[in-house]
Amino acid sequence: NAAAAIRLMIKYELNIMAVQEHTPWNRTLSGMKKSSIERTCNKYGFFVTISKLQIIIIDKQLSACHRETTIYEEGRIIKTRLEISSGNYVTFLPVYGVPHFSGNRNHQDPNENNKLQTIQSVQDQLIRLLAMKALRDNDLIYVFGDLHATPDLSKNFHYGSNRIAKHLLGIIATCESINLECAIYHHWDDMEKPIISHHGSKGGRFIDGMYTLPVCIRVAAV
């Protein structure tokens, strides 16, 4: 519901919001529904980018510094780049991770092979956007969303038997490989633990997060 998202943005004074799982997994937005979302956002002073898997809503107050919003991997990654001062940029990367599993799997299963290919494709795209572009250009970087993995397997991020190791090709492993840090660690003392964002029949775990550069955490704090 775009109107509900906008109400949250106004209430909490948010300039950017990424909405994930905006439709059931087996459906897509019709042209009519996309037009309705666009009209609603425009009515309240926001512009919107709609993909298959994510919607990103940006306050039009940022239009003067907005430089790019590009969709990758059907919306598993959306890159938004803003020029926050002359020659200085911030890159926001809302991501929607691929569900994955640990342990031995039958990789002859076509569905499992397709999943691995998608995970690999998302990793490759992130590397291109981060290591080969944003880091090279000295952008401030924020990678956030449903990562489908946890920072570690400690009880701080899990309860019950809902423990799945980080996938070697997953978003967290990719961010860590280029020295991005989990922002949650920098707010550790102010949060209740365990920190859980997904609850299920086997317990809960923390699958939503943000990875960034140390300097970006200091900038956000300021």
Side-chain angles (χ1 to χ4, degrees), residues 1-84 89-99 118 122 125-126 129 134 139-149 171 182-184 187 190-192 195-200 204-212 216-217 219-221:
N1 188 310
I6 290 171
R7 284 195 295 271
L8 286 171
M9 294 177 72
I10 293 171
K11 179 179 180 180
Y12 295 106
E13 299 181 349
L14 305 176
N15 297 113
I16 297 176
M17 175 176 280
V19 181
Q20 299 175 336
E21 293 184 292
H22 50 73
T23 54
W25 68 270
N26 58 344
R27 300 181 185 177
T28 57
L29 288 177
S30 66
M32 185 178 298
K33 289 180 179 178
K34 289 181 180 180
S35 297
S36 176
I37 292 171
E38 290 167 351
R39 286 195 302 270
T40 299
C41 291
N42 187 62
K43 176 182 177 181
Y44 292 102
F46 297 83
F47 61 89
V48 62
T49 300
I50 302 172
S51 74
K52 181 178 179 181
L53 297 171
Q54 293 193 87
I55 296 172
I56 186 163
I57 303 172
I58 301 176
D59 193 321
K60 287 185 176 179
Q61 294 181 79
L62 297 180
S63 59
C65 61
H66 178 259
R67 296 294 175 265
E68 173 192 357
T69 294
T70 307
I71 297 170
Y72 301 91
E73 304 296 325
E74 296 186 308
R76 286 204 179 276
I77 305 170
I78 299 180
K79 175 188 176 184
T80 292
R81 194 169 191 241
L82 305 172
E83 187 172 10
I84 54 178
Y89 297 85
V90 57
T91 291
F92 294 106
L93 289 165
V95 293
Y96 182 53
V98 182
T118 303
V122 170
Q125 189 61 255
L126 270 177
L129 292 173
D139 287 12
L140 301 177
I141 298 169
Y142 298 91
V143 181
F144 57 92
D146 184 345
L147 311 180
H148 272 294
I171 291 169
C182 178
I184 201 76
H187 304 279
D190 301 322
M191 305 186 76
E192 294 184 8
I195 304 166
I196 304 298
S197 60
H198 174 76
H199 301 266
R205 59 195 178 107
F206 179 69
I207 60 175
D208 301 286
M210 181 173 73
Y211 277 74
T212 186
C216 298
I217 295 172
V219 168

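In this structure, the separation between CZ on F206 and CD1 on I195 is 6.0 Å, given to the nearest 0.5 Å. For the atom pair Y211 OH and C182 SG, the distance stands at 4.0 Å (nearest 0.5 Å).
Side chains of I56 and M17 form no contact here, defined as non-hydrogen atoms less than 4.5 Å apart. S51 places a side-chain heavy atom less than 4.5 Å from the side chain of Q54. Side-chain contact between T23 and T28: absent, with no pair of heavy atoms (C-beta onward) separated by less than 4.5 Å. For the pair I184 and M210, the minimum side-chain heavy-atom distance is 4.5 Å or more. L62 has its side chain within reach of L82: a pair of non-hydrogen atoms, C-beta onward, lies under 4.5 Å apart. Residues I50 and I55 have side chains in contact (heavy-atom distance under 4.5 Å, counting atoms from C-beta outward). The closest side-chain heavy-atom distance from T69 to I78 is below 4.5 Å. With a 4.5 Å cut-off on side-chain heavy atoms, I84 and L140 count as touching.
Considering every non-hydrogen atom in both H148 and V98, the closest pair reads CB-O, 3.7 Å. Smallest separation of non-hydrogen atoms from C216 and Y142: O-OH, 2.9 Å. Here the shortest heavy-atom pairing between V19 and A5 reads CG2-CB, 4.2 Å. Closest of all the heavy-atom pairs between T91 and R81 is OG1-CG, 3.8 Å.
In this structure a side-chain-to-backbone donor-acceptor pair under 3.5 Å is missing from D139 to I141.
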Got a list of side-chain donor-acceptor pairs under 3.5 Å for residues 37-48, not counting sequence neighbours?
| unit_1 | atom_1 | unit_2 | atom_2 | d |
| --- | --- | --- | --- | --- |
| T40 | OG1 | S36 | O | 3.0 |
| N42 | OD1 | K60 | NZ | 2.4 |

Expected list for residues 70-77: side-chain donor-acceptor pairs under 3.5 angstrom, two or more places apart:
| unit_1 | atom_1 | unit_2 | atom_2 | d |
| --- | --- | --- | --- | --- |
| T70 | OG1 | E68 | OE2 | 2.8 |
| E73 | OE1 | S121 | OG | 2.9 |
| E73 | OE2 | S121 | OG | 2.9 |
| R76 | NH1 | Y96 | O | 2.9 |
| R76 | NH1 | G97 | O | 3.1 |

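For D208, the salt bridge (charged side-chain N to carboxylate O under 4.0 Å, His left out) test picks out no residue, with sequence neighbours left out.
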